[in-house]
There are 2 protein chains.
Amino acid sequence: MSKIYGIIKERRKTLGLTQKVVSEKLSIPQSHFSKIESGLSDTRMSTIVDICRVLELEMTLVPNNKIRVVRALMEDSYARMDKPAWVPDEEA
Amino acid sequence: MSKIYGIIKERRKTLGLTQKVVSEKLSIPQSHFSKIESGLSDTRMSTIVDICRVLELEMTLVPNNKIRVVRALMEDSYARMDKPAWVPDEEA
DNA sequence: TTAAATTATATATAAAAACATATATACATT
DNA sequence: AATGTATATATGTTTTTATATATAATTTAA
């Protein structure tokens with residue numbers, strides 16, 4: 001579970017957001033967000049989903065035999081990319 | 001978020017487990033698990049992680065621009081597969 | 001079609017923790 | 001030095017959870 005919080009922290013930093021900014025978007029105190037991000041609060045699912053929304057992440061559940069593939073897919077991928085992975089050809 | 005609960009239910013059925021069995025592995029009442037699985041309880045992160053452990057799933061967070069790839073990867077993949085995706089060559 | 005099994009829903013008391021609200025500051029990083 | 005994060009404190013509310021049980025409703029098996 002610490003991986004989840006690690007992802008949140010990494011992503012937040014990658015997006016260049018401070019805890020203060022994120023907490024404002026979530027309308028919660030910075031102190032509360034700090035505890036969530038560090039795993040010191042066993043927070044609700046809905047709170048994590050809200051955090052994901054702010055950080056442009058989506059939560060999912062992966063079968064154990066696929067997790068390594070999924071992780072490899074996402075290596076260095078918490079950086080925001082404004083372009084989709086696939087760009088359609090332009091039609092003349 | 002309803003997708004998460006949908007995955008849990010699908011996976012549980014794929015593994016052929018009843019709510020009763022899963023709830024026993026989790027040491028919680030079946031009635032409580034029913035509410036969690038149906039999204040009627042905004043449960044804690046740790047509870048979902050425990051459920052994932054029983055169902056051989058792992059929670060992760062995916063950047064929005066990768067979610068479609070990840071989902072495609074996992075299509076029809078909530079079935080348990082006893083073999084890893086990659087099998088090492090045997091050494092003579 | 002019926003019976004059995006499973007799931008959803010209800011009820012109750014009580015404890016625990018998250019959360020809301022607020023603020024401050026120690027500590028760490030830039 | 002300024003900024004960001006972690007930690008502390010306080011009161012009060014809400015929800016989850018624990019514990020227990022029952023049964024209505026639905027699904028599955030026979």
Side-chain angles (χ1 to χ4, degrees), chain A residues 1-61 63 74 76-81, chain B residues 1-64 74 76-81:
Chain A
M1 183 150 75
S2 54
K3 282 193 178 70
I4 296 294
Y5 302 121
I7 292 171
I8 287 172
K9 190 162 189 173
E10 189 184 346
R11 178 69 164 174
R12 176 177 63 78
K13 292 188 173 192
T14 298
L15 295 184
L17 304 177
T18 61
Q19 288 190 347
K20 185 166 184 290
V21 167
V22 173
S23 65
E24 278 163 2
K25 286 171 184 279
L26 296 169
S27 299
I28 63 172
Q30 174 267 327
S31 56
H32 187 195
F33 181 71
S34 177
K35 281 191 161 62
I36 292 168
E37 192 179 76
S38 59
L40 291 178
S41 163
D42 184 10
T43 197
R44 291 175 182 152
M45 282 288 286
S46 64
T47 304
I48 294 288
V49 169
D50 287 343
I51 291 171
C52 285
R53 185 171 299 120
V54 170
L55 300 181
E56 295 170 44
L57 293 167
E58 186 156 324
M59 182 192 307
T60 194
L61 307 180
M74 295 191 298
D76 299 324
S77 282
Y78 291 111
R80 176 173 174 178
M81 299 175 94
Chain B
M1 184 154 69
S2 53
K3 283 194 178 66
I4 296 294
Y5 302 121
I7 294 171
I8 286 173
K9 190 163 188 174
E10 189 183 346
R11 178 68 165 176
R12 175 175 66 76
K13 292 189 169 189
T14 297
L15 296 183
L17 304 176
T18 62
Q19 288 190 348
K20 185 167 185 287
V21 167
V22 173
S23 66
E24 278 163 2
K25 286 169 183 282
L26 297 169
S27 300
I28 63 172
Q30 173 269 326
S31 58
H32 187 196
F33 181 71
S34 178
K35 283 192 160 60
I36 293 168
E37 193 180 77
S38 60
L40 291 179
S41 165
D42 185 9
T43 198
R44 291 177 182 153
M45 282 289 285
S46 64
T47 303
I48 292 286
V49 169
D50 287 343
I51 290 171
C52 284
R53 185 172 299 120
V54 169
L55 299 181
E56 296 170 44
L57 292 168
E58 187 158 324
M59 182 191 308
T60 193
L61 307 179
V62 182
N64 283 355
M74 294 191 297
D76 299 324
S77 282
Y78 291 111
R80 177 173 172 177
M81 300 173 91

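By convention in this document, chain letters (A, B, ...) are assigned in the order of the sequence lines, proteins followed by strands, and residues within each chain are numbered from 1.
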Practice task
Can you see which heavy atom on A/Y5 is nearest to which on A/E37, and at what distance?
Solution key: CB-O, 3.3 Å

Exercise for the section: Quick one: pull up CD in B/E24 and CG in B/L17 and give me the separation to the nearest 0.5 Å. Expected result: 11.0 Å

Completion exercise
Rounded to the nearest 0.5 angstrom, the OG-CD distance for A/S31 and A/Q19 is 9.5 Å

Practice task
Estimate the overall bend of the helix from C/dT1-D/dA30 to C/dT30-D/dA1 from the end axes over five pairs each, rounded to 10 degrees.
Solution key: 80°

Handout entry: Within-4.5 Å side-chain heavy-atom neighbours: A/R12 and A/L55
Key = yes

Handout entry: DNA chain C contacts among residues 33-41 of chain A, heavy-atom distance under 4.0 Å
Key = A/S41

Handout entry: Integer-rounded Å distance: C/dT6 C1' and B/Q19 CD
Key = 8 Å

Problem - Close side-chain approach of A/I7 and A/M74, heavy atoms under 4.5 Å - result: no

Problem - Atom pair OG1/CD of B/T60 and A/E58 - distance to nearest 0.5 Å - result: 11.5 Å

Problem - Pairing residues for A/T47 by the side-chain contact (heavy atoms from CB on, under 4.5 Å) criterion, not counting sequence neighbours - result: A/I36, A/T43, A/R44, A/I51

Exercise for the section: Quick one: pull up CE in A/M45 and CG in B/D42 and give me the separation to the nearest 0.5 Å. Expected result: 8.0 Å

Exercise for the section: Could you run through nucleotides 24-30 of chain C and give me one letter per nucleotide, 5' to 3': B if any protein heavy atom sits under 4.0 Å from the base, S if only the sugar-phosphate is that close, - if neither? Expected result: -------

Exercise for the section: Can you tell me the distance, in whole Å, between the CG atom of A/L26 and the P atom of C/dA18? Expected result: 17 Å

Exercise for the section: Without swapping roles, check the side chain of A/R11 against the backbone of A/E56 for a donor-acceptor pair under 3.5 Å. Expected result: yes

Handout entry: Nearest-0.5 Å distance, SG of residue A/C52 to CG of residue B/N64
Key = 8.5 Å

Handout entry: side-chain contact (heavy atoms from CB on, under 4.5 Å) between A/V49 and A/M59, intermediate numbers included
Key = CA-CA 7 Å; A/V49 169; A/M59 182 192 307; 3.9 Å; yes

Problem - Rounded distance [0.5 Å steps], NE2 in B/H32 versus OG in B/S27 - result: 13.0 Å

Handout entry: Residue-level proximity of residues 44-51 of chain A to DNA chain C when a heavy atom falls under 4.0 Å
Key = A/R44, A/T47

Fill in the blank from the handout: Contacted region of DNA chain D by chain B, from 5' end to 3' end of the hits, cut-off under 4.0 Å to heavy atoms, spans D/dT16 to D/dT21

Exercise for the section: Provide, to the nearest angstrom, the distance between the NE2 atom belonging to A/H32 and the P atom belonging to C/dC19. Expected result: 4 Å

